[in-house]
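One structure is given here, and the rest of the page talks about it.
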Protein chains: 2
Amino acid sequence: MTVTSPRKSITSVDSSALETLVGYNTRRASLVITEVFVERMAVHDLRMVEFSILSLVGHNPGITSRQLSSALSILPPNLVSLVNGIDKRGLVERQPHPVDGRAVGLHLTSAGETLLAEAEHTAAQLEMESTASLSAAERKTLIRLLQKIYRA
Amino acid sequence: MTVTSPRKSITSVDSSALETLVGYNTRRASLVITEVFVERMAVHDLRMVEFSILSLVGHNPGITSRQLSSALSILPPNLVSLVNGIDKRGLVERQPHPVDGRAVGLHLTSAGETLLAEAEHTAAQLEMESTASLSAAERKTLIRLLQKIYRA
DNA sequence: TATTGTTATACTCTATAACTATA
DNA sequence: TATAGTTATAGAGTATAACAATA
């Protein structure tokens, strides 16, 4: 005879299998931090990627689009409109590259310098906010372990 | 007089400012693991989200679409085509919910059980592969710290 | 009234091919 | 021949509004 197993409903979802995976946990944590980042950085009208570009240009005057592309794992075609956007907002300037006529060096304007300083302050705040459950030592350990993965 | 600062080119990119941020490091690590995941899981024709759904259905027989939506932070409309896809592949079955006439309980078929077992084996392997630079203790610590963030 | 599942739709993000100017 | 920057475009991921059926 055939026994049809009863179809029960579940109350709480068991995610323990997924939670054994580093990839799953990394993605969940990334989603939480990203959400806080987007909310708090909206006052500067900056998305995550725009903040990253501004930061790299600020700390690497003369950086090229190709170098940004490589450093942020963004494909060159997708960088065009991003750089155009912060250029039109008067945050960065394009200067001819000193040695390579094909390339263009990016530099922050004084408005860009000001906004980056404010945005970095906001970023530091929201970081502490979204990782408030971690001690300073744990935060340091977490960053070290994550870097071991993506620098490997 | 106006002094124009010389426009130099940079050789290596300094990302140290971004690297002080937990959010940046989490995202970079997530990108690396995701890349390995996509490559290795292609043999099962499973994307990350499809593996996650299969795992939750497998370990929570009778789970509803709404519960999946909540557990994976996927909006209900975006879950429809995903569940339809693995349904058409014969990996899951929809059964009427025992107590709620609006809901539908999801269950793995035997083909789904088989594929999930294989995919979980692949996932465990690629996890070790993409986090090979971590010791077992470090991997455990990393997961614990990440969970403190997204469970906060 | 509220919720489950769904359709339709729009917007963002990511990826590929191909072009131009220069190396 | 190769590389930097760009255009056009396609696909994947994520978002909101609104509907039918059921609670």
Assign each of A:L75 and A:V99 the nucleotide of DNA chain C bearing its closest heavy atom; nearer the 5' end lies the nucleotide of A:L75
Considering only heavy side-chain atoms of A:A103, the closest of C:dT16, D:dA4, C:dG5 is D:dA4
So, B:N84 versus B:R94: side-chain donor-acceptor pair below 3.5 Å or not?
yes
Practice item. Tell me what A:V49 touches on the nucleic acid: a base, only sugar-phosphate, or nothing, going by heavy atoms under 4.0 Å. Key: nothing
Separation of C:dC13 atom P from A:L82 atom CG, nearest Å, is 8 Å
Picking from C:dT14, D:dG5, C:dA21, the nucleotide nearest the side-chain atoms of A:R102 would be C:dA21
Subject >> Backbone N/O of B:E118 and side chain of B:T122: donor-acceptor pair under 3.5 Å >> reply: yes
Side-chain atoms of A:D100 come closest, of D:dA4, D:dT6, C:dT6, to D:dA4
Between CD of A:E35 and C1' of C:dT12 the distance, given in whole Å, is 16 Å
- Query: Is it the case that more than 12 heavy atoms not belonging to A:E35 sit under 6.0 Å from its CD atom?
  - Reply: no
Of the candidates C:dT6, C:dT4, D:dG5, the side chain of A:R66 sits closest to D:dG5
No-hydrogen, no-angle side-chain donor-acceptor test under 3.5 Å, B:N25 and A:Q147: yes
Assign each of B:G101 and A:L79 the nucleotide of DNA chain D bearing its closest heavy atom; nearer the 5' end lies the nucleotide of A:L79
Here the distance between atom P of D:dA12 and atom CZ of B:F37, to the nearest Å, is 17 Å
note: B:L31, atom CG; C:dA15, atom C1'; distance rounded to Å ~ 14 Å
field: Residue pair B:S30 / A:R27, side-chain donor-acceptor N/O under 3.5 Å
entry: no
May I ask you to evaluate whether A:R94 reaches the phosphate of D:dT6, defined as a side-chain N or O under 4.0 Å from OP1 or OP2?
yes
Atom CD1 of B:I53 and atom P of D:dG13 are separated, to the nearest Å, by 11 Å
note: A:R47, atom CZ; D:dG13, atom P; distance rounded to Å ~ 19 Å
When rounded to whole Å, the CE to C1' distance for the pair B:M48 and D:dA12 reads 15 Å
Rounded to whole Å, CD1 of A:I74 lies from C1' of C:dT12 at a distance of 13 Å
Of the listed C:dT6, C:dT12, D:dT14, the closest approach to the B:P77 side chain comes from C:dT6
Of D:dA15, D:dT6, C:dC13, the nucleotide closest to the side chain of B:N78 is D:dA15
Heavy-atom nearest nucleotide on DNA chain D taken for A:N84 and for B:S73; more 5' hit belongs to A:N84
